[in-house]
Amino acid sequence: MKNLITARGLTKRFSVQRGLKTHWVHAVDDLNFSIGEGECVGLVGESGCGKTILSRLLSRMIDPTSGSIMFDQVDLTKMPTKKFADSLHRAQIQIVFQDPTESLNPHFTAFQAVADPLRRLMSNLSAAEVEEKVNQAFDDVGLPRALGSRYPHQLSGGQKARIGIARAIAVEPRLLILDEPTSALDVSVQSTILRLLGELRAKRGMSYLFVTHDLEVVRIISDRILVMYLGKIIESGPANQVFENPVHPYTKALLAASPDPARRGIKTQRLEGSASSPIDPDPNVCRFAGRCPVEMSNCRSVMPPLIEVEEGHHAACHRAEPRGAQVTHLPSRKPAFPNSGVRQ
Amino acid sequence: MTKQLLSVQDLSIDFLTRRGRVQALEDVSFTVSEGEILGIVGESGSGKSVLSYSIMGLSDKAANIRSGSIDFRGVPLKPEKMADLRGREISMVFQSPRTALNPIRKVGHQIEDVLRRHTPLRGKVLKSAAIEALARVRIPDPERRYEAYPFEMSGGMCQRVMIAMALACKPALLICDEPTTGLDVTTQAVIMDLVRDLVAETKMAAILITHDLALAGEYCDRIAVMHAGHIVEVAQSRSFPNELKHPYTERLFAALPSAAANLSELAIIPGSLPDLRGALPPCRYIARCERAKEDCSLGPLPWTKIDSDHLVRCRYPK
């Protein structure tokens, strides 16, 4: 599979002033991943872990602090935001936003909402062509064309979600970033939208980055999963492998937290507390330390690197066994970057 | 046999609107016993919230109780008595903690309000009771959190404050209206474990209102499934999910991502909820049902008894 988009060392920091000192929120920290042509990658993590920042970085709504985003042999981070807005790439990376109600302009009819990006990003289209493309998008997401004259408040949640999707796919993107597209929807509407997204991907050959905190949703829709915790990818791999054989204790905890009637009355170990502060985290301490049920002494002195545990399945945990390792005792593994491993 | 706490009998509620009479609830009957968690499951618009608000006596002015009764400890709930019961005997945890809490008051003071209304506690004792209420819902460092404003806390922490407030007067019945919508799965699990443990500790009864059948299946003792203002199935959670009989319940379960191996197995529920204005067929699921036969549109809909504690409102249960 050819890579459509590749992020290398992608980092985003926000400054916060506390008194005279400037501190840094490490929202997204040194991410390396790629999304293939036609692939659906699920991005999972709790709120505050940097999922939304990552989706904004990939769509160039915000500038990264460092790192590169290669899309079609072009480094998008080298392109000024203004130039990007006019470039062809703008239409090729589209976002479906989280809350279908809040992300639609209440003064726009459904037709206008879908036509607006077409007029802005494909300015050479005639009015008739715009109308044709809008109608095509309505058909693709299964919305009756008659709803085009309605305003958001006259539509149901499921219909608004469909308009959000129609608006994004009308300009024929190659990468669709879906930021929690179903978390505001009922289970019954969620299933129709998920099925629709599956059909659209097969029909249009788009790649998806599916951002959510619900592991069960990514399991059925994604080819590959990235698990994020406090700005870092802590586990990645093919969806079925991550599900059947989760390695990182955080992934395990996420899986155990999905409600399951079969676990009725059984006490499960839960993740207590919340994530530690993303402000100036110690680079030598595992981000999960403090909440981790299987913490060891070196978790607070060496940041665990992402290592391959199975083919294509990576995890960043000192307890993870590298692929092909026969020895089962736990040696203190050498850090990937010698300098970063030692506490200064 | 545990004591019955709440009994709702044949409750029908209409909303009188300018564009007709909306039949929001029809012939809804169920009971809740002490120490039990009842799950009420359904899509939005199925009448779950109307039901919980009418138990709390917080219904909209347009609501018209056409028939039926709500008995609490064997006595009908009277609107004029509700202000005394609410928060003391029957409490509610609302959907979004951030909007339900007062943003400009410290959470400790908001809990004190409840205690001041219903108990003779005043002064320093009041403050310590509020801190104790925060500690009961396992909020770390309750003395410090007493002084916090809602915006200083995470969504999960706000929801704990909501639960602390609801439990401050040790109510006999707790109604949780989608308590974990909008929260992370990890936080959801912690909050639901807390509700389950508190019910077990205090012999309180709880009603969990949710659209997530899997969540109800994990935490509730019994489940009532609602569709368009009707309860269509009441069952023990242990008969879950294999023994569920109503076609809607089956579909609702199959629509959960956790129940499907892949995307093509994920069921979709055809159609949408019917318009609740005007004349409605006896079975309100008929237009969406794949098992519907001609006689489904005739006569009153029977309750089919599957088991002593499993009822289905369908002529052709599975």
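Lettering follows sequence order; numbering is per chain, from 1. Fair warning: this is a prediction, and the values are worked out from it, not measured in the lab.
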Heavy-atom distance under 4.5 Å between the side chains of Thr186(B) and Glu46(A), does that happen here? yes
Using side-chain heavy atoms (C-beta onward) and a distance below 4.5 Å, is Pro259(A) in contact with Asp212(B)? yes
Report, as yes or no, whether the 6.0 Å neighbourhood of atom CD on Glu143(B) holds more than 12 heavy atoms from other residues, nucleotides or ligands. yes
Should the heavy atoms of other residues, nucleotides or ligands under 6.0 Å from NZ of Lys203(B) be counted, would the total exceed 12? no
With only heavy atoms counted, which part of [X] is less than 4.5 Å from chain A, the side chain, the backbone, both or neither?
X	answer
Glu43(B)	both
Asp221(B)	both
Ser44(B)	both
Ala254(B)	neither
Ser264(B)	backbone
Arg196(B)	side chain
Ala261(B)	backbone

Over all atoms of both residues, closest heavy-atom pair of [X] and [Y]:
X	Y	result
Val185(B)	His213(A)	CG2-O, 3.3 Å
Arg195(A)	Leu263(B)	CD-O, 3.1 Å
Ser191(A)	Ala267(B)	OG-O, 3.1 Å

To the nearest 0.5 angstrom, please state how far the [atom1] atom of [X] sits from the [atom2] atom of [Y].
X	Y	atom1	atom2	result
Asp184(B)	Leu271(A)	CG	CG	10.5 Å
Arg270(A)	Met192(B)	CZ	CE	10.0 Å
Ile193(A)	Leu266(B)	CD1	CG	11.5 Å

Between [X] (side chain only) and [Y] (backbone N and O only), is there a donor and an acceptor less than 3.5 Å apart?
X	Y	value
Ser188(A)	Ile269(B)	no
Glu218(B)	Arg264(A)	no
Arg219(A)	Asn262(B)	no

Contact part of [X] toward chain B, heavy-atom cut-off under 4.5 Å: side chain, backbone, both or neither?
X	result
Leu185(A)	backbone
Arg263(A)	both
Ser183(A)	neither

side-chain contact (heavy atoms from CB on, under 4.5 Å) for Val187(A) and Leu256(B)? Distances and angles first, verdict last. CA-CA 6 Å; Val187(A) 175; Leu256(B) 290 172; 3.6 Å; yes
Do you know which of Cys220(B), Ser272(B), Gly156(B), Pro140(B) has the most heavy-atom pairs under 4.5 Å to chain A? Cys220(B)
